[in-house]
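So the structure is just underneath, and the comments pick up after that.
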Amino acid sequence: MKIILATNNANKLREFSEILSPIGIEVLSQKEAGADIEADETGSTFEENAYIKAKAVYDLLKMPVVADDSGLEVDALNGEPGVYSARYAEPGHRCAKVLDKMKGVPDDRRTARFVCCICYIDEKGEPHTVRGECEGRIGYEKRGENGFGYDPIFYVDGRSFAELSADEKNAISHRGRALEKFTAMIGEMK
Ligand code: IMP
């Protein structure tokens, strides 16, 4: 089975492929499928934005398409950066901005979670959405070289996401969990 992933983010494409190719699902980027667009993320929730991105590509190609919207919610920052995770600061400065805002926040108030919503639009144009979350804490410094985005400051059991191997991250991550639900859903639809 082939699905089109509505994203221009190479890291997301890699993580989707890592998880879906072992179960026989080939992931094509929207660009490879002929949809070189960037939908405006005007929604106020991850669910809305995942739908907006999937729908924009579906409308163009009229083929089954999947999109994810994801981000980091920091409790002490009232859920920031949330749906603005990709636009929170200039590239390369986003982790520093969160660390800066978290200065002086004690251990027990450094809780945060990564959230991933996946919207699948089937061949009839019907949307189906699943959500995965991963609880963790914001550290005091960046650590690790793997992953992307906020991975170096997001810690689970004392290690940052950027210190985990791809397999270790995928086993517990918000995207890994959402993809588990997604594959179960696809299985039931067959
Ligand atoms: P969007 O879903 O394309 O709007 O972007 C989500 C943003 O959230 C990304 O650009 C990252 O900054 C952040 N993000 C989402 N998932 C992850 C992850 O697995 N690790 C680190 N940052 C992430």
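Each ligand, and each atom within it, is numbered from 1 in the order the structure gives.
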Query raised in the report: Strictly under 4.0 Å, does any heavy atom of Asp151 approach an atom of ligand 1?
Result: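 A heavy atom of Asp151 does come that close to ligand 1.
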Query - Close approach, Gly71 and ligand 1, non-hydrogen under 4.0 angstrom - result: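 Gly71: in contact with ligand 1 (<4.0 Å).
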Report task. Record the part of Lys53 in heavy-atom contact with ligand 1 below 4.0 Å; permitted values are side chain, backbone, both and neither. Result ->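 It is the side chain that gets close, since no backbone atom is under 4.0 Å.
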Query raised in the report: Side chain, backbone, both or neither: which part of Arg94 has a heavy atom under 4.0 Å from ligand 1?
Result: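 Neither; no heavy atom under 4.0 Å.
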Query raised in the report: Less than 3.5 Å between some nitrogen or oxygen of Asn9 and one of ligand 1, yes or no?
Result: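 Asn9 vs ligand 1: no N/O contact under 3.5 Å.
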Report task. Decide whether an N or O pair under 3.5 Å exists between Ser70 and ligand 1. Result ->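 Yes; the residue has a nitrogen or oxygen that sits under 3.5 Å from a nitrogen or oxygen of the ligand.
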**Report entry** Cation-pi check, Arg143 onto Phe161 ring (under 6.0 Å, within 45° of axis)
**Finding:**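 Not flagged: Arg143 not positioned over aromatic ring of Phe161.
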Requested in this report: Compare all side-chain heavy atoms of Leu20 with those of Ile3 and state whether any distance is below 4.5 angstrom.
Outcome: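 Yes; the side chains approach each other to less than 4.5 Å.
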Query raised in the report: Hey, are the side chains of Phe154 and Arg159 touching, using non-hydrogen atoms and a 4.5 Å cut-off?
Result: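 In short, these two side chains do not touch, never coming nearer than 4.5 Å.
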**Report entry** Salt-bridge present (Asp68, Arg175; N to O < 4.0 Å)
**Finding:**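 Looking at Asp68 and Arg175, the cut-off is met.
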Query - Cationic N near anionic O, under 4.0 Å, Glu123 to Lys62 - result: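 Not counted as a salt bridge, because no side-chain N and carboxylate O are separated by less than 4.0 Å.
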Looking only at protein heavy atoms, identify the closest one to [atom] and say how far it is in Å.
atom: atom 16 (N) of ligand 1; value: Arg175 NH2, 2.8 Å
atom: atom 8 (O) of ligand 1; value: Ser85 CB, 3.3 Å
atom: atom 21 (C) of ligand 1; value: Phe148 O, 3.0 Å
atom: atom 5 (O) of ligand 1; value: Ala86 CB, 3.5 Å
atom: atom 1 (P) of ligand 1; value: Lys12 NZ, 3.3 Å
atom: atom 19 (O) of ligand 1; value: Lys169 NZ, 2.8 Å

Query raised in the report: Hey, are Glu163 and Asn146 close enough side-chain-wise for a donor-acceptor pair under 3.5 Å?
Result: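 Per modelled atom types, Asn146 and Glu163 side chains form no pair under 3.5 Å.
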Query raised in the report: Any luck finding a side-chain donor-acceptor pair between Asp107 and Tyr140 under 3.5 Å?
Result: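 On atom types as modelled, these side chains qualify, holding a pair under 3.5 Å.
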Query raised in the report: Evaluating non-hydrogen atoms only, which member of Phe161, Tyr150, Phe46, Tyr88 is closest to atom 13 (C) of ligand 1?
Result: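 The residue whose heavy atom sits nearest atom 13 (C) of ligand 1 is Tyr150.
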